[in-house]
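Letters A, B, ... are given to chains in the order of the sequence lines, protein chains preceding strands, and every chain is numbered from 1.
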There are 4 protein chains.
Amino acid sequence: MPRRTLENAMQTKKKILETAQRLFSRRGFERTSLSDIAKGAGCTRGAIYWHFENKEELLMSLLESLEQEQFGMEFLNDACDPNSYNPLSKLKKWLSALCDEKNIALLNSTLISMVIMIFNGGSNPELKEMMQERRIQKNELIAKALKNIVSKGQLPSDLIIDLAVEHLCVFIVGTFHRSRVTNTNVLKNNFPLFIELEFKAIRELTEEKLRTNSLP
Amino acid sequence: MPRRTLENAMQTKKKILETAQRLFSRRGFERTSLSDIAKGAGCTRGAIYWHFENKEELLMSLLESLEQEQFGMEFLNDACDPNSYNPLSKLKKWLSALCDEKNIALLNSTLISMVIMIFNGGSNPELKEMMQERRIQKNELIAKALKNIVSKGQLPSDLIIDLAVEHLCVFIVGTFHRSRVTNTNVLKNNFPLFIELEFKAIRELTEEKLRTNSLP
Amino acid sequence: MPRRTLENAMQTKKKILETAQRLFSRRGFERTSLSDIAKGAGCTRGAIYWHFENKEELLMSLLESLEQEQFGMEFLNDACDPNSYNPLSKLKKWLSALCDEKNIALLNSTLISMVIMIFNGGSNPELKEMMQERRIQKNELIAKALKNIVSKGQLPSDLIIDLAVEHLCVFIVGTFHRSRVTNTNVLKNNFPLFIELEFKAIRELTEEKLRTNSLP
Amino acid sequence: MPRRTLENAMQTKKKILETAQRLFSRRGFERTSLSDIAKGAGCTRGAIYWHFENKEELLMSLLESLEQEQFGMEFLNDACDPNSYNPLSKLKKWLSALCDEKNIALLNSTLISMVIMIFNGGSNPELKEMMQERRIQKNELIAKALKNIVSKGQLPSDLIIDLAVEHLCVFIVGTFHRSRVTNTNVLKNNFPLFIELEFKAIRELTEEKLRTNSLP
DNA sequence: AATGAATGAGTATTCATTCAT
DNA sequence: AATGAATGAATACTCATTCAT
């Protein structure tokens, strides 16, 4: 039963995207055939090719939608704003958003695992590079936020920014991946606590570094 | 020129395994064909089928060898030993091993990325479960070590073990993944420092939790 | 902006035909898709189907237009006219037309190559037969012209018509194909000369045949 | 029923080649699918891919075999040999070979029509260029032969080589194509005669050119 | 112990065609 | 008169697997 109106066409496209997301996440890009997607979306392979150039473009379309689903990025941007009154709290809010219900749901049920897989699998070098670049940009944003926080006196003025960024990244990445695989709620329930500890650690970073270095 | 006996056969098998490891790590399981492996190993597809049931079994053989390449596990076991004089230092040593040259090399160049990919991609459910189980076991081992350390008075007696395990795991997993993707040496060069900070955080965990909970 | 009536429709059809001619000639029938044609004509596939039954019918429409673009046929007809004063010069004029600028352009840039290709490729048997018939008709026309020329005393009365037709056809076909592939101007620049030589040869045909046959 | 011995494998390859030749000639390259060939050869598509890289390579293999089936090339080479006693007769022999039974059979029943089609159809630009080059080489060979014949005094010393080559080529190409499409035996039966006339024409070429040029 | 030949199912992609709007 | 959406069959090609030798 062919759909002919614009409305129906949009629905078809949406269904294809949804199915692709579901299947790519579940089985991975390679192991998902366009046949599978077509079957799942209730249309033919041909219909997919009407809406998308090819399989890769379908993936790219999916990834673009990821961009817009990023939670809490406004908080990170706020933390970089020199006019912000309390950038530290903004940064903490951003970290909190990483572990809230909605984000965890995103992590577990959607594109993320696909993205990780694509990134880890050697699949698409261009895609990989694109992601690498995005990571670097985010690191720079974090550095900027930290500098801003230091300038507001909320973190020690002798903070070694690179080190702090790295420590924060380890914490973020760890939280991210741990959230995906753990089956307890320990992390989720204690995330505010962990955040506090994280900033305590950052605050003591320089001092601790001096102490460590002075050891034999 | 007839290949003479066992010796040569073993060499063929070894070459197949090495090539498979290299290619699976680089391109992923799906995108690596037996033809590729055969070509890389200097034999024919048929030869692979002499040594392995099929492609999956070849993968499994590879994974078994992973087990034996785990670095530093003896330190974690030592940290659990009630007779150990200084279990905390053992635990620190285990953590250190995670970020030393050899382990980083392992992370970046071998099976690990393959495993992650296989784990993230839904390829093999049994494989996934097997890995989940191993993770739980390791968590329990860490819990045991922490309890042992507490009993030796090296960590506060009111330490909330679950919380500490989780915090440590976030740190470990974060370090692990961050090592794989970063292109700077910041993490590697400051790992001892990060470990010290980690234990400082753990030491303050309970106290901080009480303070956080008492907030409005 | 509504396309107003017949005028625009005709223009669309014309554009489709032009594009089809160009693309069929360039890439061949099989390798040209209706999508390509639609794109080239600035319309959609659907529009093509409004004007033509299907791809084959589009081709047939194109071929019909070939009929009318035949250059110089009036000269050949003139050469057959018993009332013609100088049929030989008419025949020469017809041959000349075969190699003039316009015809060469036609040969190289239009349907002809398509026709040859279709004819050589077994695509359409009916088409093939249609062309075969046309060739026979043309041969008969040439025979008629030669007889007329003989009757006017412009060629020897003992001319073996069949032989002369064949010789002329070899010359025509050779010129035709050679024009298409050569990249020099030698043929084009010397065509009048070649025509003179051709008739010289025809004039000596019978005599030469007798000589040849009398050899051991 | 899989074939396993070398002998059988060769037979399979041969059958594939034969079928491909037959089908390519009959229906053209594009319109012949590997499925058709496999069916005709009594094997699977996979078997074709065992013996040939892809469809194009299968075609190339076929074309290479054409090279070796070229009749009479030794005569053309002989005609170029400065030590040849009678190069003119060698050249005539080469022309004769073009129209003998065996060659005509080749023309009508084998690869030739495929080659023509491929050449006319825009199919493969590389293939086209390859053929163009071969044609140029052959022209040069003919020029060489004519010069040799002139040097032996068998053709006038003022012969304009380029012109003679072109005239000969028109004759050859015309004969070639006319042989393919005609349904009478006139050409075949009188070919020696036509050759004699051809050389008569060439002999008079320069003289005739001077006469033509001096016309108003 | 290993090769070389072959199978057959599966994959992405193309394209002529249809048809509601 | 023409569009845009969709179908479905066909196509070249890949690859895990089988098996006689």
Trainee: Nearest to the side chain of S33(D), heavy atoms from C-beta on, is which of dT11(F), dC15(F), dT7(E)?
Mentor: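 Looking only at heavy atoms from C-beta outward on S33(D), the closest nucleotide is dT11(F).
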Trainee: Give the rounded distance in Å between these two atoms: CD1 of I48(C) and C1' of dC19(E).
Mentor: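 That distance rounds to 16 Å.
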Trainee: Side chain of T44(D): nearest nucleotide among dA1(F), dT3(E), dA6(E)?
Mentor: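 Nearest to the side-chain atoms of T44(D), counting from C-beta on, is dA6(E).
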Trainee: Could you report the tightest heavy-atom contact between N54(A) and Y49(A), atom names first, then the distance?
Mentor: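 Nearest pair, atom of N54(A) first, then Y49(A): CA-CE2, 3.9 Å.
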Trainee: Output the rounded distance in Å from CD (E56(D)) to C1' (dT11(F)).
Mentor: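 To the nearest whole Å, that distance equals 14 Å.
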Trainee: Using whole Å, report how far CG of L34(B) lies from P of dC15(F).
Mentor: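 Distance, rounded to whole Å: 10 Å.
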Trainee: With a 4.5 Å limit on heavy-atom distance, are the side chains of T12(C) and W50(C) in contact?
Mentor: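 The answer is no; the side chains never approach within 4.5 Å.
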Trainee: Counting only side-chain N and O atoms of T12(C), is one of them less than 4.0 Å from OP1 or OP2 of dA2(F)?
Mentor: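 Checking T12(C) against dA2(F): at least one side-chain N or O falls below 4.0 Å of OP1 or OP2.
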Trainee: Assign each of D36(C) and M10(D) to its nearest nucleotide of DNA chain E by heavy atoms, then name whichever residue's nucleotide is nearer the 5' end.
Mentor: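 Nearest-nucleotide comparison on DNA chain E picks M10(D).
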Trainee: Tell me which nucleotide, if any, is Watson-Crick or G-U wobble paired with dA20(F) when both distances must be under 3.5 Å.
Mentor: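 Across any shown strand, dA20(F) pairs with dT3(E).
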Trainee: Of all the choices, dT7(E), dA16(E), dC13(F), which nucleotide is nearest to the side chain of Y49(C) once you look at every atom?
Mentor: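 That would be dA16(E).
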Trainee: CG/L63(D) to CG/L59(D) distance, rounded to the nearest 0.5 angstrom?
Mentor: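 One finds 4.5 Å between CG of L63(D) and CG of L59(D).
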Trainee: In whole Å, I'd like the distance from the CD atom of E53(A) to the C1' atom of dA12(E).
Mentor: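 Rounded to the whole Å, the gap is 14 Å.
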Trainee: Judged by each residue's nearest nucleotide on DNA chain F, which is more toward the 5′ side, K13(C) or R45(C)?
Mentor: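 That would be K13(C).
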Trainee: For the CG atom of L23(B) and the CZ atom of F29(B), what is their distance to the nearest 0.5 Å?
Mentor: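 If we round to the nearest 0.5 Å, L23(B):CG and F29(B):CZ are 12.5 Å apart.
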Trainee: For H51(D) and dG4(E), is the shortest distance between a side-chain N/O and OP1 or OP2 below 4.0 Å?
Mentor: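 Indeed not, no polar side-chain atom of H51(D) lies that close.
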Trainee: Using 0.5 Å steps for rounding, measure from the NZ atom of K55(A) to the CD1 atom of I48(A).
Mentor: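 One gets 10.0 Å once the value is rounded to the nearest 0.5 Å.
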Trainee: Here's a test of your reading of the structure: between W50(C) and G46(B), which maps to the more 5' nucleotide of DNA chain F?
Mentor: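 The residue mapped nearer the 5' terminus is W50(C).
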Trainee: To the nearest Å, how far apart are K14(B) NZ and dA2(E) C1'?
Mentor: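 Spelled out: NZ on K14(B) to C1' on dA2(E) is 20 Å.
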Trainee: For A47(D) and for N54(A), find the nucleotide of DNA chain E with the closest heavy atom, then tell me which residue's nucleotide is more 5'.
Mentor: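 Between the two, 5'-proximity favours A47(D).
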Trainee: Just compare dA6(E), dA16(F), dT18(E) and give me whichever is closest to any side-chain atom of A9(D).
Mentor: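 Given the options dA6(E), dA16(F), dT18(E), the side chain of A9(D) is closest to dA6(E).
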Trainee: In whole angstrom, what separates R27(A)'s CZ from dT11(E)'s P?
Mentor: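 Roughly 10 Å, once rounded to whole Å.
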Trainee: What integer distance in Å separates F29(B):CZ from dA16(F):C1'?
Mentor: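 Going from F29(B) (CZ) to dA16(F) (C1'), I get 10 Å.
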Trainee: Rounded to whole Å, please give me the gap between NZ in K55(D) and P in dA10(F).
Mentor: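 Going from K55(D) (NZ) to dA10(F) (P), I get 15 Å.
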